[in-house]
Amino acid sequence: MGTGSAGRRAEPHVRVRASRRGGRGRLVGRAVAGPVALTLALGTLAACTSDPVDPARAGTVVVSVDLPFASLNGGTAAGRAPGSVLVRGLVQSGFTTRAPDGTVTVDESFGTVEKVADEPLTVRYTIAPTARWSDGVPVTPADLLLEWAARSGQLDEVVPELDADGVVATTPDDVVLFGAASAALARASSVPTVDDATVTVVYDTPVADWQVALDVNLPAHVVGRLALDPDAPALPTPTATSSTDGDAATTGPAATAPATTGPAATAPATTVPATTVPAATEPSSTGPPTTGPATTGPATTGPAADGAEGDATDADVAAQAEAWAQAVVTAVREQDRAALTRISQVWRAAGRSADVAADPSLTTTTGPYVLARVDTTGVEVVRNEHYDGVAPAAYDRVRVRVDLDPLAQIDALAADEVDVAAPLSTADVLAAAEKLDDVTVGTGGDAVLQLALQEAGGGVFDPASHASAPDPAAAAAALRTAFLAGVPREGLVADAVRPLWARAQVSNVVAAQVGTAATVAAPDGPEAGTAPTSDGPLTVRVLTNTADPVRAAALEHVTAAAADMGLEVVPVDAPDRAQTLRTRPEDWDAALVPVAQEDLPVAAFVARWRSGGATNVTGHADPALDAVLDELAAQPDAAAAADGLATASDSLLAWGAVLPVVRTPVLTVAAARDAGTDEGLPVVAAVPVLEPAAADLTWWWDWTRR
């Protein structure tokens, strides 16, 4: 992915103080910065009492986060977890990047994406000669064909069995199943055509997210070798990946193809047989492989991608890589069932953190950095010597530490063990950060916290619960609008968020985004109303994470306001909030949750709010809105799609289906150093506020590139 510029549009609240490190004495200074966190070097008095610093430390940046890395495979739920998105943004380049506000930037040093026809929608990808994998192998059309096979769902033979998180739980070993169809590529049913370095995708019907629907993900030459080479190592058995926030993911992946409704992050490990069978004579072979994969790969077993066989020349390695990639192309084009069974198994499993730690070839990526170490403490990346794009690495190494204790992150920054920290934003953590010397303290907003109402499941906002009313639907609607109109959004923002983020404002953004526009509120919220009378007290069960201070404070405000209307608000005690949100509509009436950005934002919005949508957890159903959403899903023009999102959002607000409140606060603290006086330590500058809810965090790493 290329480098975007969205991070520079952040509006952090910054304080700069003087240093006390190593006996250094400087004047104390303070400044408040605008869009970019500016640092101010005050004084140049060096000390002779500093502890010796490892010479390599100056070229190594250490970042502390509370986001564990799970997978390099962006087509899986584990690969879309915030910690995985963060690491992929550092090590992966591609055709496009997406900024928090939804802006798409094309990296022409990797290639171009062009819409060349509208009827039918036709998109052409041209790979630049400078696009290379970190093992030196050129990026080829095989890499895009592999991703089309995985994300289109066209080759999947069964509907996967999913767990509560939408992850493939169990599946037979003898079927083709990638289990990761996207709502966009599901509409591109034909195998893309290839002409030299160009891949052309033709859609059956238009899609709004065409510009970001397809990109490189896993290397075809590595997946092909692991799937089809009998001498390739088996991948480790996967372990469960826990969610980062029990009720944060309100929508899940926008996978609406009937064959696959969720991603595959924890599929069974691939066991590669030790012998081969003759090549299938018919591409439509129906029987599963019995003793080995179809021989669509190289005629002889070559060296592994990491060059394990020392006598192999670069030409040998390149030839073998090309052959394994071509084996994937052949399998996709000929729909070789035996080969695709193996390829889909490896694709589902490859990229997990345990895998990349066990097999160096699985760290193969395309960005300015490449993974060098993965363990329970985090990841370490090094400069990718084969990268030839526009944004090369600025440091020799970057370590991403996983530190779950936010105050420990601040302590590590104070001790110069960490250069950038993005801890949980709370009052005590912010206070501790502001006491540090020579740091920039950036505050900002992440996902929009929204109050979504359950319109089905027999709850208080379900018309079925008002059967005795003359007009049950009108009674439920009146209760919805009255309840939401009573939420004191401004008071909540002032009390719970502005102490952590001074620029916080009420938000009126319904679509999932974390950019600047998400802070803009409409002049008026929902119109005030009166709750309809009833024979007894009405109870509103609110599902939220009360361990989060902001959401706990929001719940208190909602509870007090509802009491004035004669409504009793009670929190839902659920052991698994995410599962309750998605699968038990009868257990809650309102959900107070942050809504993260999706990799296909338009498709995700449609799936969330259309009647019967794949991720419609509220039971909202409105034929008039469905017509707007159907038109929106098929709108390839970005400006027109933005208008459609606005129209749909207005409809949802007027209906009383949802109420945006405010962007959740986030905090990023960076060391403010001077190369002349902080000898032996890395100098970092213009570090934007980290927004983990963004679907693409490539932009955040701009400060680690030249």
Side-chain angles (χ1 to χ4, degrees), residues 7 21 51-72 81-92 134 244 351-358 360 362-365 367-385 387 391-424 433 436 439-440 667-673 675 678-690 692 697-698 700-706:
R21 293 190 188 96
D51 295 331
V53 178
D54 181 351
R57 181 71 173 92
T60 300
V61 170
V62 183
V63 179
S64 176
V65 297
D66 61 355
L67 309 169
F69 166 69
S71 176
L72 283 175
S84 301
V85 173
L86 181 66
V87 172
R88 288 207 330 273
L90 183 60
V91 301
Q92 192 80 315
S134 54
T244 57
R352 299 167 309 203
S353 57
D355 303 341
V356 297
L362 290 170
T363 64
T364 306
T365 48
Y369 294 92
V370 61
L371 279 169
R373 179 178 60 83
V374 179
D375 58 31
T376 56
T377 66
V379 305
E380 183 172 305
V381 305
V382 297
R383 192 186 304 271
N384 177 7
E385 300 299 337
Y387 177 79
Y395 300 97
D396 297 324
R397 290 177 180 268
V398 178
R399 294 175 187 159
V400 182
R401 286 179 24 171
V402 179
D403 298 308
L404 300 182
D405 183 342
L407 289 175
Q409 291 180 258
I410 300 300
D411 290 342
L413 188 66
D416 284 331
E417 298 172 1
V418 163
D419 308 301
V420 178
L424 178 70
L436 295 185
V439 299
T440 61
L667 170 68
T668 300
V669 190
R673 301 191 182 113
D678 291 289
E679 186 177 355
L681 294 172
V683 176
V684 297
V687 179
V689 177
L690 179 61
L697 287 169
T698 306
W700 189 77
W701 292 108
D702 277 359
W703 58 277
T704 67
R705 305 183 179 101
R706 290 189 280 109

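- Listed by chain and number, the residues in a side chain to side chain contact (heavy atoms under 4.5 Å, CB included) with V85 are R88, L697 (sequence neighbours excluded).
- Counting all heavy atoms, side chain and backbone alike, P682 lies closest to Y395 at CB-CE2, 4.3 Å.
- Inter-residue side-chain proximity for V669 and I410 is flagged as met; some heavy-atom pair is nearer than 4.5 Å.
- The minimum heavy-atom distance linking V374 with S353 is given by the pair CG1-O, 3.7 Å.
- Scanning all heavy atoms of the two residues, the minimum distance from V418 to V420 falls at CG1-O, 3.1 Å.
- You'll find the side chain of P406 stays beyond 4.5 Å of the side chain of D66, heavy atoms only.
- Residues V356 and G351 share a closest heavy-atom pair of CG1-O, 4.0 Å.
- With sequence neighbours left out, S64 forms a side chain to side chain donor-acceptor pair (under 3.5 Å) with D403, Q409.
- Within the 4.5 Å cutoff, no side-chain heavy atoms of W700 are placed close to those of L90.
- With hydrogens and angles disregarded, no donor-acceptor distance shorter than 3.5 Å links the side chain of T60 to the backbone of R397.
- The side-chain heavy atoms of V379 and L371, taken from C-beta on, include a pair separated by under 4.5 Å.
- Counting only heavy atoms from C-beta outward, the side chains of R401 and T377 never approach each other to under 4.5 Å.
- T365 places no side-chain N or O within donor-acceptor distance of the main-chain N or O of V370, the cut-off being under 3.5 Å.
- Looking at every heavy atom in both residues, T668 comes nearest to P688 through CG2-O, 3.8 Å.
- Applying the side chain to side chain donor-acceptor pair (under 3.5 Å) test to N384 and every residue at least two apart in sequence or in another chain returns nothing.
- Note that the CD atom of E679 and the CZ atom of R673 stand 13.0 Å from one another [nearest 0.5 Å].
- At least one donor-acceptor pair under 3.5 Å links the side chain of D419 to the backbone N or O of V62.
- Under the side chain to side chain donor-acceptor pair (under 3.5 Å) criterion, D396 pairs with R383, not counting sequence neighbours.
- Applying the side chain to side chain contact (heavy atoms under 4.5 Å, CB included) criterion to D405, with sequence neighbours excluded, gives L407, A408.
- Here the options are L67, L86, V61, the test is side-chain contact (heavy atoms from CB on, under 4.5 Å), and the partner is V400; only L86 passes.
- Side-chain N or O atoms of Y369 include one that pairs as donor or acceptor with a backbone N or O of T704 at under 3.5 Å.
- Every residue two or more places apart in sequence or in another chain that forms a side chain to side chain contact (heavy atoms under 4.5 Å, CB included) with A394 is listed here: R706.
- When all heavy atoms of A391 and P368 are compared, the closest pair comes out as O-CB, 3.4 Å.
- Looking only at side-chain heavy atoms (C-beta outward), D416 and D678 stay at 4.5 Å or farther from each other.
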